Structures are given as structure tokens and as C-alpha cells.
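Scroll down for the structure; my scribbles are underneath it.
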Amino acid sequence: MSSNEKDASEIKLKSKISKTELKRQKVLLIIAALYVIYGIVFYYLPLAGWVMAFENFSIGKGIFKSEKAGLRWFKYLFKKNSSFPRVIRNTLAMGSLNLISQTVTAIGFAILLNEVRNTFGKKLVQTISYLPHFLSWIVVTSIVREAFATNGMVNELLVNLHILKTPISYFMHTQYFWPIVAISNVWKETGWNAIIYLATITAIDPALYEAAAIDGAGRWQKIKNITLPGLRSTIIILLIMNIGNVINAGFEIQYLLGTGVLSPVSTTIDIYVLNHGMKNFSLGTAAGIFKTFVSMIFVFTFNFIARKTGEDHLF
Amino acid sequence: MKSKKIFALVMACVLGVSAFAGCSKKDDNGESKATEAATDGGSEVVDGSTEAVDTTSVDASEIKDWTFYACMSGKEINDGNEIQEEIAKLTGVRVKETWMAGQEPAEAIGAMIVTNDLPDFIDGGDASDQLVEAGVLVPWDDYIEKYPNLKEMYTDKEWELFRKDDGHIYWANVFGNTYGESQARGHNDEAFWIQNRVLAWDNYPVIETLDEYFDLLKRYAEANPTNADGVSVIPYTALCEGWRYFCVENAPQFLDGYPNDGSVIVNLDGEKPTIVDYNTTPTAKMYFKKLNEVYNAGLMDQEFATMSYDDYIAKLATGAVLGMCDQWWDFAYTVNDKFKASGYDELGYNYVPLGLVAEKGIKNHWHTYGDTLNSASGICVTTKCDDPDKAFEFLSRCLDQEILDLRFWGIKDVDYLVDDNGMYYRTQEMRDKWADENYQANHICSYSYFPQYNGTSKTSANAMKPEDQESEFFDGLAKPLQDCFRAYDYDSYDDFLKSEHDEMGFWYPMYSYSNLMSTMTEGGAAWTEMGECKHEWLPKVITAKDFDSAWADYMKAYEACNPQAFLDEMQEELDRRVELANS
């Protein structure tokens, strides 16, 4: 569509919204209005609660009568010696690690699975691989704890393979924590995340593969030149959608696996809010607002980059 | 295509059924509300005659089914529990107890307030002030006057300690309250514990200092590296998880001879009582250095820093752990029953307390004589309760001797026998039954967070609780424990500690204030950060290869938390309490 045509169509659209047209679309508008009302009630009205971040909120006095505190709680987050910057670092680090490792493994897994010719084997692997998604973190963390214990599976394996001389106490050293979180996430979510990529792969025109085969392309070349490019738009859209979640690096796994020694690397924003904000709603809200803004910056930036580089984008 | 249609049909049915299920649930609620309302009127009759209704039992249809939530972990009992039913018949109230699991009090209470999903009775633990703030508690004030049993719990001055800024009293702590003469034979508080077989092995030595304690553990472990069942012994462990990290954290106050003020030391040497930080004293450094030494010598549990409370209890229950520092109530309920069930008590695995001090000659206060009043939390009645008067009447009835006996001794001739002198006693069979988990769930209902007394029965010479009864106490001990008591010539657990017998000051314990702090105040924020800092650093310091540099780093991080702000607020509260006592 050339730009002229686009303009023309927009003008045309605008001129069409007349009273009769509104009448004609009455039912549709009512249905749409329901969603708008839903959005206002459940997404926008609760934002009024953000006021709490600017007062010394007390449950007894309520939102309207609590004393005003200005930016006190935002200053609290970033005061001297505050652990909050470290908490942001942990959150972003674990969030990014999770996002990257999960995306890469899910795509890799989907492609590998797609190459399997035996239908029964394929279905079996797929089912088994996405089952862990349905386990709760409570269960998963106890498995992880057992696996990484000093006398656990991982240590035993590494010692028997002579990679380690003596078992390592993984939960005593801060440097292992992020990888353990990433590995646990990959273990739990890979199969599930691969489903959407598998579906996209199935939608790629088989004619492309046939043509490539006639041209003498091997499996590897077919993956590189057909499957991956075919997945590109899905990957970008999913990345944009997930990047806002980087700041939700998780709560349960860090809370359940974290100990005092690990707290410098395991405390995420959610856990910080729990520790500092449970008897102090104002501080919790302030941290929440901060988190929202970071997420929004991420989504907008990534979307902007995607648009600039000519990729698919959300808005 | 056909299968799709069938699928859709099934889904539609499921939806329909679930929608109806929702409706019927609502109906149920409506009905039960209606019946509750109907019984309301009836119960008024019972109200008036508090003391007189002792023997009359209440009609089953009039029994109130109320709920209780404790910010504490506990064991739930089964519906239809026999003693619970018995108490319900006498008082007209049946309380379903729910215990906190996997949460912190502030989380649990916060969620309840926000969702307005409150029980009828509640013990808010450290988060009790939130309940006050939210205005969901019924004040005790009028009812204290109305029900003599309740008023009798505390002196007027003590009741004042419970009074909140808004002028009301919202709860009464139910623990550590002695009626009549003290019969206490246990030590329910903190101590360095040691398995009695270790003492027996060394011919019952006198252990007074940390050095002697760890030396004994070391020698025993070298001579007996494994238990009879092949499990390797762990000479010492220390729990570091969550709020229970006091196991590793607060020993320095005791080692210096001070009582358990919890978060600070109160020094009486100067003109007026002053607050001292026990985290930075020379004794603290000495204590952690000792733990560091013990850890690096391989005597300390190598996983102590990463284990959860459940891991810890499981470890203790195997009998492998020779010693640890802990509060009695934190481990004994579960572990002692497990020892009994597996016969380990006959092998001498039971723990006895030791009152260690930093240096010989320091007089200790591990065990405090006289009652400890923790005004920070207690049993509350919430605004959710449809009949507060009846609720307070029930709390009052809980303190009737008849009900107290049912709660702690059980049913006459079933759980205990009475001799010619009117003294209660149990047979070994009864004791074993009482310690059995199934029996506890189906038969025993102690309402353990409801008003109660230690000490002597109101109506006889018996102890309020069986574990305090002289005959019961000694006969109830396993054979090796009896030997241990005889060898030292002790007749109660506190004898092991050799603590001073002086009364605690009126301010005691200071933790009742610090437990309620939040990041709303500067001192509270410092307190939160000090806690985080200690959680992080204490295990690091203990496991460090180079203790001195680790300690220096820790002190630096600790000072950055601004502990002075916390100490200042504590001093303010201490001054307030001292003034209140003098007024």
C-alpha cells in the first residue's frame, strides 16, 4: 500500500463514522464497551491505590485520611547504603538470564523435535517435556534442592566423572545461584514454551522445504534458511511481550531456594517488598510503581528498536 | 468433527455444573448464617450465668462453631476430636484451629485484612499491631471487668502494658502465667542443648563455658562417630532460617549473663537502665569465633546455613545431632514425640539444657524465674465474631479448672487417674497414648493459644499441666534421663541451667516492642536491615576461612545499617516502661 492510498483509506474510514453507522454497529459497540468498562474497573481504577506510595499509609485511616509523605518512600528505596539497587540488579540479571535461556532452549527444542520423523516418539517426548510446567515451584524447588545438595545427583555425577574432586555446596556460594535458577526454569518451562514455536513451524509452507530439497539443501541448511526465518516474527513478538516480564524475575523460586548467605544475589524486588513492606504498605506500593515504570520502559524501547529495524512490532 | 461436538457438549456440561455448584455453595452459606442467627438469641440465656453453668451441658444445636487462626505453626486436630466435643458441650463453643504454614505473620495477617477473611479468634504474633490498625479487633476493656476469670489473669499494672495508643486493650498473652505456686519443672526457653547420653558418657561433668561444651561434643564424636543405627553423628548444628535464626543469632546476650530481651541487652549498671547492642560485644565476637573454629574443625553441621526448619527437625529426629542452641518450644514438641515413637529416648538421645556463659563466674539468666509477660501479642476476638460477649465468656470459661483439666490432663479415668489424696497420675500406657500423633489428633484438644495457666490447680494440689506434676514429671522421663537427673541430683530442667533466681524488671522482655516495629519508623527500618545483614553475614562469618577479616567486613556492613537509630527507639521504649513501672 503506498502512502497516498493509506491516507485515502483513513479519510474514507473517518468519513464513514456517521450516526447511522453508529446505530448500525450498536451491538458491536455495546460489546466493546463492556471490555472498556472491565478495563477501567479492573486495570485503571486500582491505580488510584498508587496514592499510598505518597503517604504514610495506615490501614485504619485508609487511603484518604493517611498523612501525606511526599516522596519519602521513593527516597527510602534509593537512600545511601540501601540494598534496593542490588535487588534491582538481581531481578534484572535473573530475568534476562531466564528470558534468554528459555527462548533459546525452547526454539532449539522445537526445531529438534520437528526433525524427529517417528510420530509416536515425537508426541511422547513432547508430552513428557511439558509436564514439569504443571508442577508447582514448591515441588520443583525441593527437587532442585535435592539434586544440588552436597550428596545430591549433580555432585555425585560430577565427582564420578572426575570433573570435581570434592562435592560443592552449591547453596553456600553466591556464584551458583543465578545459573541454578536459570537451569530450573529451563527444566520446568522448555517443553511448554516450545509448543508455540512448534505450531509456527508446522505452518511453514512444505513447498519451501521441497524446493530446498530439490536444490540439494541438507537438513541443517533447511533449518538455517527456512525454519529459522519462518520463526522470526513469532520470536520477535514473544520477545516484546516477555521483555516486560524481565522485571518479574520470579518470587517463589528465589524465596524457596534463597537463604541468608544467598540473599545478596537471591533477593528480587518482590522479596524485598515482602521483607520491607509487609507492615508498611506505602513502601511496597512505591517499589511496585518503580517496577511498573521499568517494565514499561523495556517494552517501549524494545518495540521501538523492532520498528526501527523493520521487524514485526506490537504497536 | 463429531468428536469436537462431543467435546464441546462435555465442556458445556462442565461449565453448567460448576455454575450450579457455585450457586449451591452460596445457598449453604446463607442457610448456616440463618441458623447461626437463630442460635444467637438462644445463647443469650447461657450468657448471664457464667459461673453457674459449670455442670450443665449445652444443647448440641446451640453450639457455636468458631474459628481461630494462629500466626504460629501447629498441629491441626481432627473434626470430632473427643475432648473438643466435651469442651463444646460444657461451654457451647467449638473452635476450629488453623495454623500458619509457610508464611510470615505479616503476610498472613495482611492478606486476611485485605480480603476481610478473618477468623473469630486470632493470635497475630508479630503482626498483631496490624490488626489493631485495621480496626478489626474487639476491645477487651469491658469484658475484663465482666469476667473475673479474665481480670484475674493479670494485675492492673500488667494490663496497662497491653493497652494500645488508642486507649484499648485488644489481647491478652496466654503464656508464662503462673497460678498459685509455681510447679514448673521444664525449661521452655533457650539454652545450649545436649543429648543426655553425651553427659553420661563423660560421667556427668559440669559444663559451664562454650569451650567446655564444644570440647565435650568433640571428644564424644571422636569416640562415637556413628549411632547404633549407623547414622553419622553431627556434633553441633545451628538453624539459620527466617525468623528462627535466633538459634545462631542471640546467644551472646545469654553468654554475658543477661536474660532474653530478644533484640537488645538491658544494662542495669548505670544510673538508669540502658540499651546495649549484643551484636557487637566482645562476647559476640568470641562466640562467633568459636563457632567458626568448630565449623572449620568439621564439628559443625556443614549444611547448617542452608537447611530449612523442616530439614532441621528431621535431622534432630534422627538422633544424630548431639547439641544445638535453640528454644525448647522450637524443637521439643515434635522431636521428643519422635524420640519416644522410635525408642530413641531409651538410648539417651533426649536433650537437656546447659546454661553456658562466656567466662566462668558470670551469673546467667538463661532461665527466668517468675512470669514473663510478652505484651506484643495474644489472643484476640475479631469483629467478624457474631457474638463477642459469648466469645469472651468462652475465653473466661477456658480458665475454669474443669476446662483446664480437660485441656491439659484429658478425661478422668481415660487419660489420668486420681489417687486417694486427690493427686492425678498416669500409667505408662496413658503417657504413651498421650504422645501418640493419632491420639493427639482424635482425642486431645489443648486449645494451646487460649487462656491458660501454669502453676497449681485452682481447686487441688495438682499441677495445672501434667509435665509439671512432680510424680508425672519424673516417672514420665525415659530411663537414661532419670539416671541423668539422679546423677546430678536435679529434680527439674531449670536446675541444669543454674540461672539466677531474681525477678525480672517491669520492662522485660524488650522484644515485645522490637517485634512490632516496621519500616515506617527510622529505627524499624534499621531493625529490618540489621536483620537482613545478620542473616547474610552470620553464616558467612562462621564458615569463613579467615575469621578476623570476615568479622571486620561484617561489622562494616552492620554499621551501615544504622543500628543506632534502632537502639535509640528501644531506649525510648525502655524509658517509657520504666516510667510506667514507677508511676
Side-chain angles (χ1 to χ4, degrees), chain A residues 49 56-62 66-67 69 72-73 76-77 79-84 86-87 138 141-142 145-146 148-152 167 169-174 252 255-267 271-284 286-287, chain B residues 102-111 113-114 126-136 166 240-242 245 248-249 302-308 310-311 516-522 524-526 528-529 531-543 556-557 559-562:
Chain A
N56 293 331
F57 179 73
S58 116
I59 302 183
K61 290 180 192 151
S66 294
E67 62 180 307
R72 177 180 173 191
W73 301 115
Y76 180 102
L77 293 177
K79 68 177 186 211
K80 202 170 147 246
N81 290 325
S82 165
S83 57
F84 194 63
R86 196 171 67 180
V87 170
I138 287 273
T141 47
S142 35
R145 277 171 86 105
E146 284 301 315
F148 286 93
T150 19
N151 54 359
S169 181
Y170 292 99
F171 295 110
M172 278 298 286
H173 302 283
T174 47
E252 287 133 309
Y255 187 72
L256 294 168
L257 283 183
T259 56
V261 189
L262 294 175
S263 64
V265 293
S266 71
T267 312
I271 295 174
Y272 178 89
V273 168
L274 184 72
N275 290 344
H276 287 248
M278 266 326 276
K279 289 184 202 164
N280 182 348
F281 291 87
S282 298
L283 182 62
Chain B
Q103 275 181 311
E104 302 280 330
E107 283 173 74
I109 297 295
I113 292 172
V114 171
D126 294 352
S128 297
D129 268 8
Q130 263 178 275
L131 292 166
V132 178
E133 233 178 75
V136 295
D166 65 0
C240 301
E241 196 206 24
Y245 86 131
V248 68
E249 183 257 353
Q302 300 294 303
E303 284 161 0
F304 79 97
T306 54
M307 69 185 162
S308 66
D310 291 342
D311 297 339
L516 295 178
M517 284 181 158
S518 81
T519 48
M520 272 290 179
T521 65
E522 205 192 334
T528 306
E529 274 163 32
E532 282 177 355
C533 177
K534 285 190 276 178
H535 268 104
E536 177 190 340
W537 277 97
L538 296 181
K540 271 198 207 170
V541 163
I542 292 169
T543 56
K556 222 161 130 199
E559 283 309 320
C561 301
N562 192 16

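Every chain is numbered from 1, with letters handed out A, B, ... down the list of sequences. Given the structure is predicted, the values throughout are model-derived calculations rather than measurements.
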Side chain from CB out, backbone as N, CA, C, O: work out which of these in [X] comes under 4.5 Å of a heavy atom of chain A, or both, or neither.
X: B/Ala525; result: both
X: B/Thr528; result: side chain
X: B/Asp310; result: neither
X: B/Leu516; result: backbone

Report the option among [options] that has the most heavy-atom pairs separated by less than 4.5 Å from atoms of chain A.
options: B/Glu241, B/Met307, B/His535, B/Gln302; answer: B/His535
options: B/Asp126, B/Leu538, B/Val136; answer: B/Asp126
options: B/Glu303, B/Glu133, B/Met520; answer: B/Met520

So, the part of A/Ser82 with a heavy atom under 4.5 Å from chain B: the answer is neither

Under 4.5 Å to a heavy atom of chain B? For A/Leu274 that would be side chain

Does CD in B/Glu522 sit with more than 12 non-hydrogen atoms of other residues, nucleotides or ligands closer than 6.0 Å? no

How are the rings of A/Tyr76 and A/Trp73 set relative to one another: parallel (under 30°), tilted (30 to 60°) or perpendicular (over 60°)? tilted

Would you mind checking if B/Glu536 and A/Arg86 are paired as a salt bridge, meaning a charged N to carboxylate O distance below 4.0 Å? yes

Pair A/Leu262, A/Leu257 - check side chain to side chain contact (heavy atoms under 4.5 Å, CB included), show working. CA-CA 9 Å; A/Leu262 294 175; A/Leu257 283 183; 5.9 Å; no

pair B/Phe304-B/Thr543: side-chain heavy atoms closer than 4.5 Å: yes

Please examine the side chains of A/Tyr272 and A/Leu77, heavy atoms only from C-beta on, and report whether any two atoms are closer than 4.5 Å. yes

Can you tell which of A/Leu256, A/Val261, A/Ile138, A/Leu283 has the highest number of heavy-atom pairs within less than 4.5 Å of chain B? A/Val261

Could you go through the side chain to side chain contact (heavy atoms under 4.5 Å, CB included) check for B/Gln130 and B/Ser518 one step at a time? CA-CA 10 Å; B/Gln130 263 178 275; B/Ser518 81; over 6 Å; no

